[in-house]
Amino acid sequence: MCGIVGHIGTGDSADILLEGLKRLEYRGYDSSGIALLNGDSIFVEKAVGKLKNLTDKMAQHTVSGTSGIGHTRWATHGGVTHLNAHPHTSSDNVVVVHNGIIENYRELRETLSAQGYHFVSDTDSEVIGHLVVEKLKTYDKPAALLRAVLEELDGAYALAIITKDFPDCLLVARNASPLAIGVGEDACFVASDAMAMSEQTRRVIYLKDNDYAIIRQEGAEIYDGDHNLVNREEVIVAASPGLVSKGGYRHFMEKEIHEQPDAITHTLAAMTDDAGALTAGLTDEQLQQIKGIVFLAAGTSNYAGQVARYWIERLAGVPVNVEVASEYRYRAPVSSHLTHAIAISQSGESLDTLMAMRYAQEQGLSTIGLVNVDHSTIAREADAILPTRAGPEIGVASTKAFIAQLTALLALAIAIGRANGALSPDEASALHEEMKSLPSMVGKTFSLFDELRPVAHDLARVSSCLFLGRDSLFPIALEGALKLKELSYVHAEGFAAGEMKHGPIALIEDGLPVISLLGSDALAPKVISNLKEAQARGATIILFAAESVADDVDFATHTCRLPDCGEYLMPFITTLPMQILAYLTASEKGTDVDQPRNLAKSVTVE
Ligand code: G6P
């Protein structure tokens, strides 16, 4: 959620921080701000709204600094206002940026208020600055000071602090929220995501939970949660600045939709060899040990898990649960029939998913992280990693990462089935061969940008619509509804087509759009009956169907014909039109496609 950056050393802090924030804006864009330290003065500027507002304000100043911190906010405590924007200043001496939630902020606020500290914001973060000022009365060394402050804080945080008392240092700490240190030639950096520092350095040190550090121009002094000075491994990250431009497209989302054939190709190559054997994460022996799986994930990643349940149970005969990550650890889940927990996360940082995975680990399950970001927290903490190779995904609404997750999960389902004998080698190879046709098949759906424009034109004018699918297309209906609502703010719900008659059919009134997914499988006649029931009650059927069954529905208002393919490929082929439809509807309405209101790409709070 919020993103933080910091810089100390040669170079102009203001430019470096603004550049870093640009790369972090996906984490939140309610407001942003920076603070610069130059000798004896601290300069702070903030702006509500997109980063551009801050950049415009900064263009009017001629300030510079040799150290500084910056923040892009996704509001948790307190509304979207200038006063609630970070950085937060205390006593004209201490400035703080914070990502996460300070759970005991009420008690701290009461104590600090009683001590005479004046609060100007509604945020939990403001207590940190005042606490630093208070502790400066006792501590005159930065590490001791920071330790004393952290001892008072409960909750999740990544934070960075500057103070005139220690002008040659940035004070940083992490607990549950991500934080990485970048090591440059004559400067050091800090950021919520290494990508924010990619223009400055590729040498990165990831802090572990409860680590805190004093960062100077020449390097970082890192302490673990037990206050021991530690050496954390420095890694070279691959994030290249060139990868995050729009490349001629109007939006990152449009670009990322078009990158999906590559996302599939690269993920399949990372997961399997040419014959389909799994090359990532797990050996055959380990695959045979998988007797029951729980998927832990949030949002779109959760829907990838829901699709994979159909695949793994069918192809490998292994029982699968799919859990909403934020619910899982609070309801005493029974895991005795399970052996593995697979955390699915594009970012590898969603706090709900990370905490659920840690809980599964405590329950004795082997953990696997299916992540798109190599050095993310989930990747580092899981027992094994299955990689998706979608590349950096900037659009807040997930597109290519979802397709890459489906690719990795189908490859996994086939590999488990092959390893445990549920699939013969020939059956497994045939499925793998089918998967190789996915990139070109997915590429063919790009023509839908033109075809679906009139449908989007109509959808942009309704207040509500339904998405229906059955079997492995049911989660795609859920994903279609999520995409439409998050991008275009049109109310949308996804249902299993067969479930309509048990309640949702009451919603149908004249002209309600029902977006319907239809594969050429054994369930097709049943889905068609479900659609007929809806149409008979006045629904407008917008059909997305495999070519060979499309004509079996002669009552649709619009029929979008999709390439015929095996049942395991159909969730891929139906995903693209869902994304394109949501994209076009949002464009038609003029909403902010890449940064929809109230959302953040990576949610690192509970
Ligand atoms: C946020 C995003 C969603 C995403 C979810 C899970 O809510 O807005 O698009 O699906 O987080 O993210 P993850 O990085 O764990 O896949």
Side-chain angles (χ1 to χ4, degrees), residues 257 260 300 302-311 314 399 402-403 406 410 438 441-442 444-445 447-448 451-452 455-456 458-459 464-485 490 492-501 504-505 507-508 512-535 539-585:
I257 288 175
Q260 292 183 103
T300 291
N302 183 283
Y303 297 147
Q306 292 193 35
V307 175
R309 168 168 48 195
Y310 290 89
W311 291 340
R314 211 163 267 161
T399 51
F402 178 68
I403 279 289
L406 292 183
L410 183 53
L438 265 171
M441 221 184 262
V442 160
K444 285 188 191 131
T445 62
S447 60
L448 296 178
E451 180 183 333
L452 293 179
V455 181
D458 293 346
L459 265 190
S464 185
C465 67
L466 301 184
F467 285 70
L468 300 184
R470 248 183 123 136
D471 203 77
S472 59
L473 299 189
F474 165 41
I476 304 301
L478 297 174
E479 168 62 4
L482 177 63
K483 276 288 151 294
L484 188 71
K485 63 187 144 193
V490 172
E493 296 298 334
F495 292 106
E499 193 61 13
M500 280 295 285
K501 56 187 177 291
I505 201 164
L507 290 171
I508 293 190
L512 180 85
V514 172
I515 291 146
S516 316
L517 308 179
L518 182 65
S520 61
D521 51 37
L523 275 173
K526 291 190 195 300
V527 178
I528 294 171
S529 303
N530 301 144
L531 300 184
K532 188 74 201 156
E533 287 152 17
Q535 188 259 347
T540 298
I541 304 294
I542 301 163
L543 183 71
F544 293 86
E547 177 77 49
S548 59
V549 285
D551 290 333
D552 297 351
V553 181
D554 56 6
F555 50 85
T557 303
H558 183 93
T559 298
C560 174
R561 291 159 195 279
L562 302 171
D564 270 316
C565 61
E567 66 166 295
Y568 296 104
L569 304 198
M570 202 57 194
F572 295 85
I573 304 303
T574 44
T575 293
L576 272 282
M578 298 300 96
Q579 299 168 344
I580 294 169
L581 190 60
Y583 174 79
L584 293 173
T585 308

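Side chains are part of it too, since the values below use all heavy atoms of this structure and drop only hydrogens, waters and symmetry mates. Note that the numbering runs from 1 along the sequence shown for the chain.
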Roughly how far, to the nearest 0.5 Å, is the CG atom of Leu473 from the OG atom of Ser516? 11.5 Å
Gln306 side, atom CD; Phe474 side, atom CZ - distance, nearest 0.5 Å: 6.5 Å
Apply the test side-chain hydrogen bond (donor to acceptor under 3.5 Å, both in side chains) to residues Gln260 and Gln579: give CA-CA distance (whole Å), side-chain angles for both, the deciding distance (0.1 Å), then the verdict. CA-CA 11 Å; Gln260 292 183 103; Gln579 299 168 344; 2.7 Å; yes
Kindly give the heavy-atom pair with the smallest separation between Leu562 and Pro577, and that separation in Å. CD2-CG, 3.9 Å
Are Val514 and Thr540 packed together at the side-chain level, in the sense that at least one heavy-atom pair is separated by less than 4.5 angstrom? no
Is the number of heavy atoms from other residues, nucleotides or ligands under 6.0 Å of Lys501 NZ greater than 12? yes
Before giving the answer on salt bridge (charged side-chain N to carboxylate O under 4.0 Å, His left out), spell out for Arg314 and Asp471 the whole-Å C-alpha distance, their side-chain angles and the decisive distance to 0.1 Å. CA-CA 11 Å; Arg314 211 163 267 161; Asp471 203 77; 2.7 Å; yes
Determine the minimum heavy-atom distance between Pro571 and Trp311, stating which atoms define it. CG-CZ2, 3.8 Å
Start with the C-alpha gap between Thr300 and Glu479, add the side-chain angles, then the distance that decides, and say whether side-chain hydrogen bond (donor to acceptor under 3.5 Å, both in side chains) holds. CA-CA 6 Å; Thr300 291; Glu479 168 62 4; 3.0 Å; yes
Using the side chain to side chain contact (heavy atoms under 4.5 Å, CB included) definition, which of the options Val455, Ile257, Thr399 pairs with Ile580? Ile257
Minimum side-chain heavy-atom gap Glu493-Phe467 below 4.5 Å: no
Check this for me, if you would: do Arg561 and Asp551 make a salt bridge, where the nitrogen-to-carboxylate-oxygen distance has to be below 4.0 angstrom? yes
